[in-house]
Trainee: 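Here it is, the structure in full.
Every chain is numbered from 1, with letters handed out A, B, ... down the list of sequences.
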Amino acid sequence: MKIKRNFSEQVFSVVCLVPAGRLTTYGDVAAAMGSPRSARRVGYALSGLSSERIHEVPWHRVINIKGTISIRGSTGRGLQQRQRLENEGIFFDHMGRTNLGQYRWHYPNLVDLMGENF
DNA sequence: TCCATGACGGCCT
DNA sequence: AAGGCCGCCATGG
């Protein structure tokens with residue numbers, strides 16, 4: 001848990017910009033924040049999303065660069081992620097891969113858009 | 001401090 | 001195409 005407050009809050013707001021039916025990657029979120037080498041921190045921040053706020057951030061639209069779901073483990077979130085994405089019309093092949101080329105969301109320049117807060 | 005652990009990603013085989 | 005390495009970076013023991 002406990003990441004620098006600022007960082008995870010930024011992650012959440014950046015993830016909120018991804019429209020339904022589109023995908024982004026941990027690395028893309030990090031790059032959009034100006035920290036291109038912090039992809040792992042993005043995943044860590046999302047893993048710390050509290051159950052209270054889980055419904056206000058579209059965390060399920062963030063996958064890895066290979067086009068697959070990264071979440072492992074027994075919490076059931078991985079399954080939930082796939083289900084939510086399929087509900088938004090995203091197709092997974094029999095290997096659990098999505099077509100990133102088709103669904104990947106390209107962020108606008110966030111500094112231009114939101115000012116120096118980024 | 002040192003070491004292991006990730007919801008990562010790029011490179012090389 | 002798929003898997004192995006390894007660099008990255010914050011955390012926790």
Trainee: Check A:Arg82, A:Gln83, A:Arg77 against A:Gln80 for a side-chain contact (heavy atoms from CB on, under 4.5 Å) and give me the one that passes.
Mentor: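 It is A:Arg77, the one option of A:Arg82, A:Gln83, A:Arg77 that forms the side-chain contact (heavy atoms from CB on, under 4.5 Å) with A:Gln80.
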Trainee: Whole angstrom is fine here: how far is it from CD1 in A:Ile69 over to P in B:dG9?
Mentor: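 Whole-Å distance recorded here is 14 Å.
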Trainee: Under a 4.0 Å threshold between the charged nitrogen and the carboxylate oxygen, would A:Glu88 count as salt-bridged to A:Arg84?
Mentor: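 Salt bridge flag = no for A:Glu88 with A:Arg84.
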Trainee: With a 3.5 Å distance limit and no angle check, can you tell me whether A:Glu56 reaches the backbone of A:Cys16 through a side-chain donor-acceptor pair?
Mentor: no
Trainee: A:Arg61 has an atom CZ; how far is it from atom P of B:dA7, in whole Å?
Mentor: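 From A:Arg61 CZ to B:dA7 P: 22 Å.
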Trainee: Take atom CZ of A:Arg104 and atom C1' of B:dG9, then tell me their distance rounded to the nearest Å.
Mentor: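 These atoms are roughly 11 Å apart.
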Trainee: Here's one to test your reading of the geometry: is the NZ or CZ of A:Arg53 within 45 degrees of the ring axis of A:Phe12 and under 6.0 Å from its centre?
Mentor: no
Trainee: Tell me what A:Leu46 touches on the nucleic acid: a base, only sugar-phosphate, or nothing, going by heavy atoms under 4.0 Å.
Mentor: base
Trainee: What is the separation between atom CZ on A:Arg41 and atom P on C:dC8, rounded to the nearest whole Å?
Mentor: 15 Å
Trainee: With hydrogens left out and only the distance checked, is there a donor-acceptor pair under 3.5 Å joining A:Tyr44's side chain and the base of C:dA10?
Mentor: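 It does not, because no donor-acceptor pair links the side chain of A:Tyr44 to the base of C:dA10 below 3.5 Å.
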Trainee: Under 3.5 Å, which N/O atoms of the protein pair with N/O atoms of nucleotides 1-3 of chain C?
Mentor:
from, atom 1, to, atom 2, distance (Å)
C:dA2, OP2, A:Arg97, NH1, 3.1

Trainee: Between P on C:dG4 and NZ on A:Lys66, what's the gap in Å once rounded to a whole number?
Mentor: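 These atoms are roughly 12 Å apart.
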Trainee: So, does A:Ser70 get its side chain near the phosphate of B:dC8, meaning an N or O under 4.0 Å from OP1 or OP2?
Mentor: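 Looking at the OP1 and OP2 atoms of B:dC8, one of them is under 4.0 Å from a side-chain N or O of A:Ser70.
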Trainee: Indicate if A:Phe91 and A:Leu79 have the same hydrophobic cluster label, given that clusters are the connected sets of ILVMFWY residues with side-chain heavy-atom separations under 4.5 angstrom.
Mentor: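 Cluster IDs for A:Phe91 and A:Leu79 differ.
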Trainee: Look only at the side chain of A:Arg22 and the backbone of A:Arg104, and say whether a donor-acceptor pair between them is shorter than 3.5 Å.
Mentor: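 Yes; judged by distance alone, with no hydrogens or angles, the pair exists.
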Trainee: Atom CZ of A:Arg77 and atom C1' of B:dG6: how far apart are they, to the nearest Å?
Mentor: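 So the two atoms are 15 Å apart, to the nearest Å.
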Trainee: With a 4.5 Å cut-off on side-chain heavy atoms, are A:Val14 and A:Tyr107 touching?
Mentor: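 Answer yes - side chains close enough.
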Trainee: Between B:dC8 atom C1' and A:Arg40 atom CZ, what is the distance in whole Å?
Mentor: 6 Å
Trainee: Which part of the nucleic acid, if any, lies within contact of A:Thr25, taking any heavy atom under 4.0 Å across all strands shown: a base, the sugar-phosphate backbone alone, or nothing?
Mentor: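 It contacts sugar-phosphate atoms only.
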Trainee: Between B:dG9 atom P and A:Ile65 atom CD1, what is the distance in whole Å?
Mentor: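 It is 6 Å, rounded to the nearest whole Å.
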